[in-house]
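Here is the structure we will look at, set down as structure tokens.
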Amino acid sequence: MLKLGVLGLQGAVREHVKAIEQCGAQAIVIKKKEELENVDGLILPGGESTTMRRLIDRYDLMDELKSFAKSGKPMFGTCAGLILLAKKLEGYDQPHLGVMDVTVQRNSFGRQRESFEAELSIAEVGEEFPAVFIRAPHIVSAGENVEILAKHDGRIVAAREGQFLGCSFHPELTEDNRMTEYFLKMVQETKEKVLNK
Ligand SMILES: NC(=O)CC[C@H](N)C(=O)O
């Protein structure tokens with residue numbers, strides 16, 4: 001069975017665990033660096049990126065998360081998780097993990113629209129995907145190896161660069177598990193490649 005980690009420091013952790021289990025994989029909540037060794041892929045959940053970063057530093061997880069990225073295992077950042085993955089953050093000098101070749105802007109859908117739902121067409125995932133946006137970031141620009149998967153209001157809200165998947169919204173907050181399934185497929189394919197080497 002595939003083992004998926006969910007970074008468990010803050011944010012929508014339980015909801016991701018539930019979605020993973022509904023998709024037939026094992027979910028492991030990651031709070032310590034040793035726990036990262038046991039998983040085939042990792043989800044960085046939504047929540048609050050500044051708080052999450054503080055906790056990553058407090059629990060001394062940054063180097064381990066970067067090595068996880070270097071190992072080639074898939075990582076999926078949702079909302080605040082996307083902010084953690086991005087190589088560049090608009091208005092900030094330093095990124096967090098800085099591994100996915102995108103520039104991200106935080107809280108980019110305006111204060112009066114703190115949260116809203118929209119139906120998206122997501123390449124490789126499907127049509128009419130119910131996407132929940134909560135103080136959501138968006139991808140301002142993306143490197144040439146990044147595949148744009150979805151846009152909303154002309155803004156990029158889902159993208160993939162090889163092992164990295166990122167989206168502005170919260171795919172774990174509805175019963176539609178297609179984004180989680182798509183990520184699991186990425187994890188399965190990566191695992192098979194390693195086994196066949
Ligand atoms: N729902 C979310 O994950 C919001 C992200 C939050 N605005 C941040 O900057 O971290």
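Just follow the structure's listing: the first ligand is 1, and inside any ligand the first atom is 1. This chain uses plain numbering: 1 for the first residue, then up along the sequence.
Met186 approaches Gln163 most closely through the heavy-atom pair CE-O, 3.5 Å. Minimum interatomic distance between Ile156 and His138 (heavy atoms only, all atoms of both residues): O-CB, 3.6 Å.
The ligand atoms of ligand 1 that sit less than 4.0 angstrom from a heavy atom of Cys79 are 1 (N), 2 (C), 3 (O), 4 (C), 5 (C). Atoms of ligand 1 found under 4.0 Å from any heavy atom of Glu48, numbered from 1 in the order shown, are 8 (C), 10 (O). Atoms of ligand 1 found under 4.0 Å from any heavy atom of Ile83 (numbered from 1 in listed order, with element): 8 (C), 9 (O), 10 (O).
Looking at Pro137, Gly46, Gly47, Gly11, it is Gly47 that brings a heavy atom closest to atom 5 (C) of ligand 1.
Residues Leu97 and Met75 have side chains in contact (heavy-atom distance under 4.5 Å, counting atoms from C-beta outward). Within the 4.5 Å cutoff, the side chain of Pro137 has no heavy atoms near those of the Asn107 side chain.
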In sequence, state the C-alpha distance, the side-chain angles, and the governing distance for Asp40 and Lys191, and then conclude on salt bridge (Lys or Arg N to Asp or Glu O under 4.0 Å). CA-CA 7 Å; Asp40 305 306; Lys191 202 172 175 183; 3.6 Å; yes
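For the pair Ile134 and ligand 1, the shortest N or O to N or O distance falls below 3.5 Å. Distances between N or O atoms of Thr50 and those of ligand 1 include no value under 3.5 Å.
Between the side chains of Asn145 and Glu161, not a single donor N or O lies within less than 3.5 Å of an accepting N or O.
With a 4.0 Å cut-off on non-hydrogen atoms, Arg106 touches ligand 1 through its side chain and not its backbone. In Thr78, neither the side chain nor the backbone holds a heavy atom less than 4.0 Å from any atom of ligand 1.
Residue His170 places a heavy atom less than 4.0 Å from ligand 1.
Cation-pi geometry between Arg155 and Phe109 is met: the NZ or CZ atom falls under 6.0 Å from the ring centre, inside 45° of the normal.
Atom 7 (N) of ligand 1 has Asn107 OD1, 2.6 Å as its closest protein atom, hydrogens excluded (heavy atom only). With hydrogens left out, the protein atom closest to atom 10 (O) of ligand 1 is Ser49 N, 2.5 Å, a heavy atom.
Within 6.0 Å of CD on Glu119 lie more than 12 heavy atoms contributed by other residues, nucleotides or ligands.
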